[in-house]
Novice: 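Pasting in a structure now, in C-alpha cells, and then I'll have a few things to ask.
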Amino acid sequence: MTKSGTCIQYLLKPFKSKKDGSDDLEKIAAREQKQFPFETLVSATKNFHPNHKLGEGGFGPVFKGKLEDGREIAVKKLSQSSRQGKKEFMNEAKLLARVQHRNVVNLLGYCAHGVEKLLVYEYVANESLDKLLFKSGRPDVLDWKRRYDIILGISRGLLYLHEDSHSVIIHRDIKAGNILLDDKWVPKIADFGLSRLFPEDQTHVNTRVAGTNGYMAPEYVMHGHLSAKADVFSFGVVILELISGQKNSTFDLSLDSQNLLEWAYKLYKKGKSLEVMDPKLASSAVPDQVAMCLQIGLLCTQLDPQVRPTMRRVVVMLSKKPGSLEEPTRPGYPGARRRRSSRPAASSSLTGTSSESSSQAFGSTTNNNSASATASTSTSYLRSPRLDPHGKRPMQ
C-alpha cells in the first residue's frame, strides 16, 4: 500500500471503530459501572437456551435469565447479521444509561465480549400489554381499574422522558407492544431503539420516519416533523385501544369507520362515548372515568399537534376527578379534515357536541421519504406511496 493510502486508512480507523459501536458500549459500561461478565449471562440464561427465549426484534433475540443472587433478568443479544439492529441497539444503550423511573423499563447493565454485545434489563413478568389485550385469551385480567392504572402509569413515564429526565427523550414508538407489565401490573415503557434525544432549545426536528403503523402521528408520517406531540398522539391511540379492546391497525371495518380513532370520535360526537367501551369491562367500569379517558384519548390524537395536550397536562387531567375538558377536534387519520377555525374557548361536557366548520383535506396515503419541508400541519398533506400495513416501519 502506498504511503498516502496508509495515511488515509489511519485517518479512517477511529470512524470505523465508532460505527461498529463496540468501543462505545464498553465506554458506556465502564462509565455507568454497569458491567456484566459474559460468563455470568451465559450461566443465567443456560447458554442462551431456546427454552429461555422471550422474543426477537430487529436487533436480535431476548432471553430470560436468573442471576446467582436470585434476580430475574431479560438479556437482549445483538444479532451480528442485523445492520439496522446494531444502530437501534447502540441507541438504546446510550439513551437508557441514566434513565431511572418506575414506569420505564430498568436497564441493569451491559456486556461487550468480543463480537457479542448484550444489554441486561429487569425481567418484567406479565409480558406486553399487546399480548394481554389482543392475543392472550386472558382479557379478564385487565379490568377497568387495571386499565386505568396502566393509562396513568404510561402518562407518568412519558412525562418523565419529555420533561424530567437528563435530556428530552422522544420515544417515537409508543404502542401496546412496547408497554411491559410487571408482577404488580405496573406499566413500563420499553424498546428505546428508535428514540431521539432533543436539545433543550428545540421543540421539533425534521427527520426520517421510523415507527409502527397505526400509532404514528400524521405530521410525522407525512413530513417527518417530530416533536413530543408525536408521542402524545401514540399515547392517545393506546388509550383508545385500552378502552375499546380493539387494535387500531386491525380495526373492524364493519363498524362503518376506517379506523378506531374515527369510530371513537363519531360516537363521542353523538354523545355515546360509553359505546366505545370493551363489553368485557361492563361489570368493572366507572362510567364517568371511562368517558373522561376517551375524551383525553381524542384530545391526544387530534390532527393539529399544537392543540394536543402536553404529557404534564395529561397527567393533571388523569389525576383529577372526572369533570369538564376541552372539546377535541377531529383526530389525525387518513381522510380526516382539519378545520380552519380555532377551538372554542369554552370547555365541554365529557360527551361534547361542538359544530363542524370549514376544513382542509388530509391525504389518504403516506410518505416514505424523509421530510425536509418545514411546513406546519395547517397546510394540506401530500399524496404519496402507502405504508406497509404491517408492523414497525424501519429507520432509514
Side-chain angles (χ1 to χ4, degrees), residues 21 25 28 53-64 73-79 82 84-110 117-135 150 153-158 160-162 165 167 169-182 186-197 207-217 220 226 228 230-235 237-238 241 247-249 390-396:
L25 190 61
I28 293 171
K53 189 173 179 180
L54 296 172
E56 185 157 359
F59 48 79
V62 179
F63 296 89
K64 182 180 178 181
I73 57 174
V75 182
K76 182 178 286 190
K77 194 171 187 280
L78 175 62
S79 170
S82 174
Q84 184 60 53
K86 184 176 293 186
K87 187 174 182 180
E88 294 183 16
F89 185 89
M90 289 307 306
N91 196 47
E92 184 153 3
K94 293 173 184 176
L95 280 172
L96 287 180
R98 289 178 288 165
V99 169
Q100 291 287 330
H101 190 271
R102 183 173 188 257
N103 298 116
V104 178
V105 68
N106 186 23
L107 181 63
L108 301 177
Y110 320 81
K117 306 292 179 288
L118 306 103
L119 302 181
V120 184
Y121 299 85
E122 61 176 326
Y123 174 69
V124 184
N126 282 317
E127 299 187 284
S128 72
L129 176 59
D130 180 80
K131 288 183 179 179
L132 285 170
L133 194 57
F134 307 124
K135 303 173 185 177
I150 289 169
I154 300 169
S155 70
R156 288 170 174 165
L158 279 173
Y160 169 78
L161 295 175
H162 290 178
S165 64
S167 299
I169 299 173
I170 310 300
H171 188 281
R172 285 212 291 182
D173 201 20
I174 294 297
K175 60 180 179 179
N178 284 339
I179 305 301
L180 305 182
L181 301 168
D182 71 9
V186 173
K188 294 179 182 289
I189 300 170
D191 199 347
F192 283 74
L194 300 182
S195 301
R196 288 288 296 267
L197 279 173
T207 183
R208 294 184 183 276
V209 175
T212 302
N213 298 337
Y215 295 94
M216 292 186 288
Y220 179 45
L226 178 66
D231 278 354
V232 172
F233 181 94
S234 304
F235 170 68
V237 176
V238 173
E241 290 183 336
K247 193 168 187 174
N248 189 36
S249 61
H390 305 291
K392 183 182 291 185
R393 178 171 181 160
M395 181 184 291
Q396 299 176 20

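What you see below is based on every heavy atom in this structure, not just the backbone, and it leaves out hydrogens, waters and symmetry mates.
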Novice: Considering only heavy atoms from C-beta outward, does the side chain of Val186 approach that of Asn103 to under 4.5 Å?
Specialist: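 They are in contact (side-chain heavy atoms under 4.5 Å apart), so the answer is yes.
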Novice: For Lys64, what residues pass the side-chain contact (heavy atoms from CB on, under 4.5 Å) criterion, not counting sequence neighbours?
Specialist: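 Checked Lys64 against side-chain contact (heavy atoms from CB on, under 4.5 Å); matches are Leu54, Glu72, Tyr123.
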Novice: Without swapping roles, check the side chain of Asn178 against the backbone of Asp173 for a donor-acceptor pair under 3.5 Å.
Specialist: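 It does hold such a pair.
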Novice: Would you say the side-chain atoms of Asn126 pair up with the backbone N or O of Asp182, donor to acceptor, closer than 3.5 Å?
Specialist: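 It does hold such a pair.
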Novice: To check you understand the geometry: which heavy-atom pair defines the closest contact between Ile189 and Phe192, and what is its length?
Specialist: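 Closest approach of Ile189 to Phe192: O-CE1, 3.5 Å.
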Novice: Any idea which heavy atoms bring Leu119 and Ala93 closest together, and the distance?
Specialist: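 Looks like CD2-CB, 3.8 Å.
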Novice: Rounded to the nearest 0.5 Å, what separation is found between the NZ atom of Lys175 and the CE atom of Met216?
Specialist: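 Between atom NZ of Lys175 and atom CE of Met216 there are 10.0 Å.
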Novice: Is any side-chain heavy atom of Val238 closer than 4.5 Å to a side-chain heavy atom of Leu129?
Specialist: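 Side chain of Val238 against side chain of Leu129, heavy atoms only: contact under 4.5 Å found.
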Novice: Which heavy atom in His171 sits nearest to a heavy atom in Ala190, and how many Å separate them?
Specialist: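 Minimum heavy-atom separation between His171 and Ala190: NE2-O, 2.9 Å.
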Novice: Would you name the heavy atoms of Ser79 and Gly60 that are closest together and state the gap between them?
Specialist: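 Nearest pair, atom of Ser79 first, then Gly60: CB-CA, 3.9 Å.
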Novice: Going through the checks in order, is the side chain to side chain contact (heavy atoms under 4.5 Å, CB included) test met by Val99 and Leu107?
Specialist: CA-CA 8 Å; Val99 169; Leu107 181 63; over 6 Å; no
Novice: State, yes or no, whether a side-chain contact exists between Arg156 and His101 at a heavy-atom distance under 4.5 Å.
Specialist: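 They are in side-chain contact.
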Novice: For the NZ atom of Lys76 and the OH atom of Tyr110, what is their distance to the nearest 0.5 Å?
Specialist: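 Taking NZ in Lys76 and OH in Tyr110, the distance rounds to 12.0 Å.
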Novice: If you measure from CD1 on Ile179 to CG on Leu132, what distance do you get to the nearest 0.5 Å?
Specialist: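 Ile179 CD1 to Leu132 CG: 12.5 Å, rounded to 0.5 Å.
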Novice: Does the side chain of Ile170 come within less than 4.5 Å of His162's, by heavy atoms?
Specialist: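 Side-chain contact under 4.5 Å: yes.
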Novice: Under 3.5 Å, is there a donor-acceptor pair linking the side chains of Arg172 and Tyr220?
Specialist: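 The answer is yes; a qualifying pair exists.
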Novice: Just to verify, what does Ser234 make a side-chain contact (heavy atoms from CB on, under 4.5 Å) with, not counting sequence neighbours?
Specialist: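 Result, side-chain contact (heavy atoms from CB on, under 4.5 Å) vs Ser234: Ile174, Tyr215.
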Novice: Taking side-chain contact (heavy atoms from CB on, under 4.5 Å) as the test, write out the residues that go with Glu122, two or more places apart.
Specialist: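 For Glu122 the side-chain contact (heavy atoms from CB on, under 4.5 Å) partners, ignoring immediate neighbours, are Val105, Asn106, Val124, Lys188.
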Novice: Could you tell me whether a side-chain N or O of Glu241 sits under 3.5 Å from a main-chain N or O of Asn248, the two making a donor and an acceptor?
Specialist: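 A pair under 3.5 Å: yes.
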Novice: Is there side-chain contact between Asp191 and Glu92, with at least one heavy-atom pair below 4.5 Å?
Specialist: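 Asp191 vs Glu92: side chains touch.
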Novice: Answer whether the closest heavy-atom distance between the side chains of Val104 and Leu96 falls below 4.5 Å.
Specialist: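 Sidechains of Leu96 and Val104: in contact.
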Novice: To the nearest 0.5 Å, how far apart are OH in Tyr121 and CD1 in Ile73?
Specialist: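 The CD1 atom of Ile73 is 12.5 Å from OH of Tyr121, to the nearest 0.5 Å.
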Novice: If you take all heavy atoms of Gly177 and Ser128, which pair is closest and at what distance?
Specialist: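 Here Gly177 and Ser128 meet closest at O-CB, 3.7 Å.
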